[in-house]
Amino acid sequence: MLRWPQNKGKEKESMDKIARIDMGAPGGPKVTEEPVGAYAGLGGRATTSLMISREVNPLAHALGAENKLVIAPGMLSGTTGSMTGRLSVGCKSPLTGTIKESNAGGQAAQVLARIGYAAIVLEGKPAGDDLYKIIVNKDGITVEVDNSLKLMDNYPLIAKLRTQYGDKVAYMSIGSAGERQLLAASIACTDPELRPTRHCGRGGVGAVMGSKRVKAIILDDAGCKMRPPKDPEKYRDANRKFVEGLRKHPVTGEGLPAYGTNVLTNVLNEAGGYPTRNFKSGVFEGAAKLSGEAQAELEIKRGGTATHGCHRGCVIQCSGIFNDKDGNYVTKQPEYETVWSHGGHCGIDDLDTVAKLDYMDDNIGVDTIEMGVTIGVAMDAGLAEFGDSAGAIRLMEEVGKGTPLGRVLGCGAEITGKVFGVEKVPVVKGQALPAYDPRPIQGIGVTYATTTQGADHTAGYAIATNILKVGGDVDPLKTEGQVELSRNLQIATAAIDSTGMCLFIAFAIMDQPETFQALLDMLNAFYGTELTGDGVVDLGKTVLSAERDFNTRAGFTKHHDRLPRFFYTDPIAPHNQVFSVPDEELDQLFNW
Amino acid sequence: MSDMYQHRLDLTMATDRSKDFFPLLQQGILVPCRTGVTLGELLRDQWGIDAGYVKTRITTIFLNHRAIDDMEQAVVRDGATIALSGAMPGLVGATMRCGGHLAAMRGAMTHRDDTDDRSAHEAPVRLKLFNLLLPELGPFLLQRGIIMAAAELTAFLAHRDLNFWQACYGARWDGNVVDPHLLAADMEAYAGSSILLRIKNED
């Protein structure tokens with residue numbers, strides 16, 4: 001029984017409707033609206049995963065008419081609450097073949113929620129070659145042909161749309177990669193400065209949007225208000241305590257604002273867990289040059305900033321602005337995953353090269369992790385030397401041009417590895433591994449192997465057992481318990497992904513019980529509920545169960561919950577470890 | 001002089017130039033110490049870092065590239081490399097945390113002492129400082145002194161810009177006043193030696 005209170009339509013919710021857009025309807029795309037119904041009180045990943053699991057045939061072709069693309073703001077998006085700007089996009093992934101939820105910051109979640117949609121669902125597939133844009137505002141949804149946008153990449157695309165729709169809207173878009181249905185294609189969401197820098201990156205969600213011939217979605221909340229809480233005073237009080245907790249914690253209040261996520265480079269490298277030159281070593285000699293500390297200093301020196309929020313209402317401000325040596329904008333501050341994937345993974349130690357590649361990821365519209373890992377695999381195949389900055393940029397340019405080589409690369413690391421005969425390709429369920437080697441950090445390997453999403457570091461990201469009282473304490477000196485920890489983290493993350501909250505609240509919530517309570521109080525004050533930690537666990541399990549069920553029906557078995565063979569056989573320096581968590585333990589993770 | 005270094009260089013700098021030394025501190029510098037003690041004893045008793053600061057701000061620690069869970073058990077021996085960091089974000093950041101309950105996820109790389117050897121020597125250890133600890137501990141440790149090879153120090157000084165030298169108010173070599181602008185050239189005569197560099201901040 002799901003102990004997550006749902007309104008069931010008894011009172012009017014502010015996100016009270018779902019829009020379905022049948023892109024393949026006879027005579028042209030057709031928009032229908034329906035009450036939120038069974039999805040009332042849910043949001044984000046809960047909405048996308050439950051809907052995909054219930055409505056999409058798991059055997060469907062991910063780029064076909066049967067697949068759906070569900071776009072859902074979080075439960076608290078569009079409110080005055082802090083950190084509530086995450087937007088979830090869900091579908092069957094063309095990259096992995098599993099269910100997929102991919103989320104991003106930016107402004108889209110806030111705006112869509114205020115307009116009143118709990119979800120927009122793209123269905124069907126149009127015949128013909130026309131390209132569409134979708135305009136969403138308080139008066140409804142219109143779908144228009146606009147072939148002038150064909151094969152535009154995200155930056156010039158948004159610049160063009162701004163001349164027509166202005167600067168007080170939020171944009172979602174795909175670049176040329178999405179139109180070409182490349183499996184690494186992302187969906188961009190604009191940030192407060194209207195740059196297409198925040199991406200639903202993983203799993204090829206951009207290709208699904210491209211398969212439905214949707215190029216851009218313009219979200220306009222003019223005339224709409226902030227979503228009202230059931231108890232405004234309690235909500236305001238809870239939000240204040242929540243913000244206080246975030247500000248006083250050293251991670252969310254100091255480290256992330258000062259250095260961004262790239263603060264992890266030095267630490268991971270020191271730990272010997274920094275995958276270098278396609279996972280050949282755990283230490284990169286150039287790591288200090290790529291570090292968050294070096295990046296922050298460079299950004300500030302060049303007139304950019306190391307402290308910037310990706311959406312209004314963010315108090316952590318982990319992003320930034322990266323300029324070139326002449327002070328001209330290059331890209332948003334590259335994240336740790338980007339700096340690693342385009343940096344140490346490829347043997348490159350130059351931040352300007354990394355920034356250039358980050359811009360290209362955002363512009364062409366591809367997942368920065370998948371592309372960086374792919375380029376590293378391509379280097380292993382001999383298409384460029386490790387450390388060759390110009391070579392890496394050249395390979396990315398191929399993706400942007402849509403050349404045959406570019407199409408191969410743009411379909412990700414696994415396909416690139418197969419085409420060029422590379423043995424050691426770091427993927428799980430077809431998705432590239434992120435920036436943490438699973439051999440010295442075996443617990444992250446458990447998550448990579450077992451998550452419903454393919455290799456994913458954010459799937460088991462948040463909140464510890466001592467807060468949720470799930471599974472009890474685990475002896476840190478024993479290797480037993482890794483599976484249990486990963487399970488609990490995956491459950492908690494699935495719940496957090498549904499709230500619309502940025503996952504970076506996790507550390508403050510883990511350390512400060514009063515901050516976790518403040519989050520619960522915000523949810524309760526907004527929805528008029530009496531949610532506890534048990535309810536959070538239930539929601540997480542419900543979401544994961546639905547995802548797991550979809551994957552099983554799609555043909556995935558326990559044999560897919562494994563890392564690539566070389567992680568079991570190739571020890572990595574400096575710790576000389578292999579991944580050694582037994583298969584039988586991995587198979588126990590989803591044991592409820 | 002000490003067995004650990006042959007010469008001393010004392011610089012008096014404007015406070016806001018400490019950050020010029022941060023890249024050195026990130027990559028690792030040699031710091032004088034007496035080995036054979038626990039990490040906690042080293043930080044508090046030898047280096048004089050406030051106990052409360054050690055407990056609350058130094059939350060991620062590596063000894064010889066292995067994560068530490070109890071600095072009162074981990075023994076620092078000759079040739080050790082110590083890395084100190086503030087709290088890290090994300091799952092893996094939390095996993096690395098000193099004494100954290102996610103430590104099991106990185107059991108394979110957790111520090112474990114496999115010897116009872118507690119022999120004490122005057123020997124330098126390599127210390128790395130990361131993120132928030134750079135501005136918080138860096139000036140303090142620079143004031144206590146770090147050991148650099150002459151070639152390394154020469155190269156560092158040779159790459160300083162005009163602003164750096166304008167903020168350098170004075171220099172002493174082995175206690176004698178010297179012209180800071182001539183340091184890089186003068187030190188070539190001491191190639192092969194180790195130098196204790198101390199930075200005094202003044203505004």
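Any value given below was found using the heavy atoms of this structure, including those in side chains, with hydrogens, waters and symmetry copies removed.
- Using a distance-only test at 3.5 Å, with no hydrogens or angles considered, no donor-acceptor pair links the side chain of E41(B) to the main chain of Q46(B).
- No donor-acceptor pair under 3.5 Å is formed between the side chain of Q577(A) and the backbone N or O of R439(A).
- The contact list for residues 247-256 of chain A toward chain B, using heavy atoms and a distance under 4.5 Å, reads P250(A), V251(A), E254(A), G255(A), L256(A) by residue number.
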Checklist entry - When you look at D70(B) and T38(B), which way does the side-chain contact (heavy atoms from CB on, under 4.5 Å) test go after all the steps? => result CA-CA 10 Å; D70(B) 185 352; T38(B) 68; over 6 Å; no
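- Under a 3.5 Å cut-off, the side chain of T450(A) and the backbone N or O of Y448(A) do not form any donor-acceptor pair.
- Residues Y436(A) and E337(A) bring a donor and an acceptor atom of their side chains to less than 3.5 Å of each other.
- Geometrically, R8(B) does not engage Y5(B) in a cation-pi contact, judged by NZ or CZ lying under 6.0 Å from the ring centre and within 45° of the ring axis.
- Of the N and O atoms on the side chains of T15(B) and E202(B), not one donor lies less than 3.5 Å from an acceptor on the other residue.
- Side chains of T368(A) and T338(A): a donor on one and an acceptor on the other come within 3.5 Å.
- Inspection of non-hydrogen atoms places R57(B), T60(B), F62(B), H65(B), R66(B) of residues 51-68 of chain B under 4.5 Å from chain A.
- Using modelled atom types, one finds a donor on one side chain and an acceptor on the other under 3.5 Å when comparing Q26(B) with S291(A).
- Both the backbone and the side chain of M88(B) come within contact range of chain A, judged by heavy atoms closer than 4.5 Å.
- Listed by first and then second residue, the salt bridge (Lys or Arg N to Asp or Glu O under 4.0 Å) pairs that reach into residues 255-275 of chain A are E270(A)-K128(B), sequence neighbours excluded.
- Checking side-chain atoms of R202(A) against main-chain N and O of A432(A) turns up a donor-acceptor pair under 3.5 Å.
- Side-chain N/O atoms of D117(B) and S119(B) include a donor and acceptor closer than 3.5 Å.
- For the pair Q333(A) (side chain) and C318(A) (backbone), a donor-acceptor distance under 3.5 Å is present.
- Below 4.5 Å, heavy atoms of chain A meet heavy atoms from F130(B), N131(B), L132(B), L134(B), P135(B), E136(B), all part of residues 129-143 of chain B.
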